Amino acid sequence: MRTTRPPARPPARRLAILTAGLAAAALLVPATGAQAAQGPQRKIDLRIATYNTCGHGCLPTTQACVDTIGRDCATKLEPWADGRAARVADDIVRARAGVVVTQEIGNNPTPTQPGVDVESFRAPLTKAMSARGYAEAPADYAGTRHPQEGYPLKSGAGRYTYYDARRFSHLDERGRALPHDLLWLPDSTEIYGKTMTWNTLRDLRSGLRFVVVDMHLEYRKNGAADPNGWTKNWDEVRYLDARRTAEYLTRDNAYTRRLPIVFAGDMNSASKEDGHSAYDAFSDVGYADSFEAAPANRRTGAEYASFNGGKIPLPRSEDKIDHIFVRNGTRVLQWTLVPQTTAQTGEPRDLLRSDHNMVHATVRIQEPTR
């Protein structure tokens, strides 16, 4: 396990995100008995999911792909706003997820992706989620700027967290927004920088507050050049970005370090290599992969890869690039990968909603001992 720390986070002014959540509901798996509301340490059993929806990256035609992302899509699926977003929402409801972090719900324009935008992808999903009882946690990227250089942080949009409004709120008891923010990651070299988002949620029954972090790490393979023409050890970049995120929220941020934190998202790597993987970065700060923390007999769908690549039948592999990390010692009651389909033949656009399979885990969130 790597023990050296990455470079210190450069001083930066706080990047505030101010968006009103949309009211709705989803499902929290209740803690047994009265444990959620009684005792010196409040506890809840939370089913949290991560779902890379490939919203703007899996368009139906080559021309739509080129117009939106500047290149062809590796996987072509049904139009997002014409039903696919609603089917993604159905997946989340069927999984009985209390909180879900999503990725690739649009993006802001860049020189290589001039036609992509956030709203035409966010709006259909948020509408579908709202109709099914979910609320959107604050995630407003508009006006967000590089903390040192001042240019727009246009990359990194498209990650939205939805929660069960019957069980949770992103507001405190007086109706004020709970702390939430956007975290700039200087190690990634997207044209406009890369960011992660975190939200504080409050359990309405017990009052317990916890933090959910929506992550989407660098996707490039070693040897590839980014839009700046830079080539890095991208495995190390993933490690540094994950480590920076985890250390900031668990150690440096005076508010979040006092609360339970769950990190979830598309880490774009199944590696566990020391110093070159998100897995190792979280391990270095005392966090465990929920898959490994779950009892072996409570893991479902582990035979599938979490990235299906738009292939039918779905690839079977131990490799998982979508992860949920919890603090060491956290009880994980179950871990599930939900295959998009079990069909052995057929057209991807008829069978899939995304080129990723959703992953969820039921974790026991517990108030820290003071």
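Only this structure's heavy atoms are used, side chains among them; waters, hydrogens and symmetry mates stay out. Count residues from 1 along the sequence. Just so it is clear, the model here is predicted, and its values are computed rather than measured.
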Residues clustering with Phe307 (ILVMFWY side chains joined when closer than 4.5 Å, directly or via others)
Ile321
By ring pair (Phe, Tyr, Trp, His ring centres under 6.0 Å), which residues pair with Phe282, not counting sequence neighbours?
Phe263, Phe325
State whether a side-chain donor-acceptor pair under 3.5 Å links Tyr162 with Thr126.
yes
Only counting residues at least two apart or in another chain, list the ones meeting salt bridge (charged side-chain N to carboxylate O under 4.0 Å, His left out) with Asp319.
none
Is the Lys NZ or Arg CZ of Arg316 less than 6.0 Å from the centre of Tyr304's six-membered ring, within 45° of the axis?
yes
pair check: Cys58 + Cys73, SG-SG < 2.5 Å
no
Quick one: does Tyr239's side chain get under 4.5 Å of Asp274's, heavy atoms only?
no
Using a 4.5 Å cut-off on heavy atoms from C-beta on, say whether the side chain of Val262 contacts that of Ile365.
yes
Do Ser271 and Arg238 have side-chain heavy atoms sitting under 4.5 Å apart?
no
Only counting residues at least two apart or in another chain, list the ones meeting salt bridge (charged side-chain N to carboxylate O under 4.0 Å, His left out) with Arg349.
Glu78
So, using side-chain contact (heavy atoms from CB on, under 4.5 Å) as the criterion, who are the partners of Glu173 when residues are at least two apart?
Arg202, Arg209
What I'd like to find out is whether the side chain of Thr50 reaches to under 4.5 Å of the side chain of Asp266, using heavy atoms alone.
no
Applying salt bridge (charged side-chain N to carboxylate O under 4.0 Å, His left out) to Glu347 and not counting sequence neighbours gives none
Side chains of Arg205 and Arg167: does their closest heavy-atom pair fall under 4.5 Å?
no
Given side chains that start at C-beta, do those of Leu259 and Pro368 come closer than 4.5 Å, heavy atoms only?
no
Glu218 bridged to Lys232 by N-O distance under 4.0 Å:
no
Verify side chain to side chain contact (heavy atoms under 4.5 Å, CB included) between Glu104 and His216, making sure each step is shown before the conclusion.
CA-CA 9 Å; Glu104 296 194 15; His216 192 183; 3.3 Å; yes
For a 4.5 angstrom cut-off between non-hydrogen side-chain atoms, does Ile261 reach Tyr287?
yes
With sequence neighbours left out, write down each residue that passes side-chain contact (heavy atoms from CB on, under 4.5 Å) with Thr336, or none if nothing qualifies.
Thr300, Gln334, Val338, His360
Leu125 versus Tyr160: any side-chain heavy-atom pair under 4.5 Å?
no
side-chain contact (heavy atoms from CB on, under 4.5 Å) against Ala128, all qualifying residues, sequence neighbours excluded
Ala86, Ala89, Arg132
Asp322 versus Asn52, side-chain donor and acceptor atoms under 3.5 Å
no
Centres of the Phe291 and Tyr279 rings: under 6.0 Å?
no
Please lay out, stage by stage, how Gln103 and Asp214 fare under the test side chain to side chain contact (heavy atoms under 4.5 Å, CB included).
CA-CA 8 Å; Gln103 303 88 41; Asp214 189 351; 3.0 Å; yes
Non-hydrogen atoms of Gly98 and Tyr134 that approach each other most closely
O-CE2, 4.4 Å
Which residues share a salt bridge (charged side-chain N to carboxylate O under 4.0 Å, His left out) with Glu292, sequence neighbours left out:
Lys272
Would you mind listing the cluster partners of Leu171? Hydrophobic ones only (ILVMFWY), side-chain contacts under 4.5 Å, chaining allowed.
none
Tell me whether Glu367 is salt-bridged to Arg42, with the criterion being a basic N under 4.0 Å from an acidic carboxylate O.
yes
Those residues that, when tested against Ser354, pass side-chain hydrogen bond (donor to acceptor under 3.5 Å, both in side chains) (two or more places apart)
none
I'd like to check the side-chain contact (heavy atoms from CB on, under 4.5 Å) partners of Val332; sequence neighbours left out, ordered by chain and number.
Ser290, Ala293, Ala294, Val326, Ala361, Val363
Should Arg87 and Asp90 count as an ion pair when the cut-off is N to O under 4.0 Å?
no
